[in-house]
Amino acid sequence: SLMIYTLICKQINFETDIKVFEHQKIKDTLSILYNEKIIAINPDNPIAIRSERKAEMISKEMTYEQAGIYNGDILYIEQENK
């Protein structure tokens, strides 16, 4: 089913609400946003993603369902400096 969450990137002072399907991979969502020039973070590079509701880091390779991300959650993303 379709759900909405908020994506925040403090590095570039960016915040938006996003509608996605639970079975979509987090990385796929970020790739679309990156390719559409909506975010400046390339998900092919190392990134940190944290769920506010779960208060823990999650893998971009998981689907929202696998990661336990539900309607109304807030995800913080940032580019890791490697």
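FYI, side chains are in, hydrogens and waters are out, and symmetry mates aren't considered; it's all heavy atoms of this structure.
Checking side-chain atoms of K60 against main-chain N and O of P43 turns up a donor-acceptor pair under 3.5 Å.
Atoms OG and CD1, on S31 and I41 in that order, are 12.5 Å from each other to the nearest 0.5 Å. The line from CG of L30 to CG of N35 is 11.0 Å long, rounded to the nearest 0.5 Å. Taking CD1 from I47 and SG from C9, the interatomic distance works out to 9.5 Å, rounded to the nearest 0.5 Å. One finds the CG atom of D73 at 3.5 Å from the OG atom of S51 (value rounded to the nearest 0.5 Å). Taking NZ from K54 and CD1 from I69, the interatomic distance works out to 5.5 Å, rounded to the nearest 0.5 Å. Expressed to the nearest 0.5 Å, how far CD1 of I74 lies from CZ of R53 amounts to 11.0 Å.
A salt bridge links K27 to D44: at least one charged side-chain nitrogen sits closer than 4.0 Å to a carboxylate oxygen.
Here the shortest heavy-atom pairing between A48 and M57 reads CB-CE, 3.4 Å. Annotation for Y76 and K10: closest pair CE2-CE, 3.9 Å, computed over non-hydrogen atoms.
Scored by the ring pair (Phe, Tyr, Trp, His ring centres under 6.0 Å) test, Y5 finds Y64 as partners (sequence neighbours excluded). Residues forming a ring pair (Phe, Tyr, Trp, His ring centres under 6.0 Å) with F21 (at least two apart in sequence, or on another chain): H23.
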Practice task
List the steps, then state whether side-chain contact (heavy atoms from CB on, under 4.5 Å) holds for T63 with D28.
Solution key: CA-CA 9 Å; T63 66; D28 293 344; over 6 Å; no
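Here the side chains of V20 and M3 are in contact, with some heavy-atom distance below 4.5 Å.
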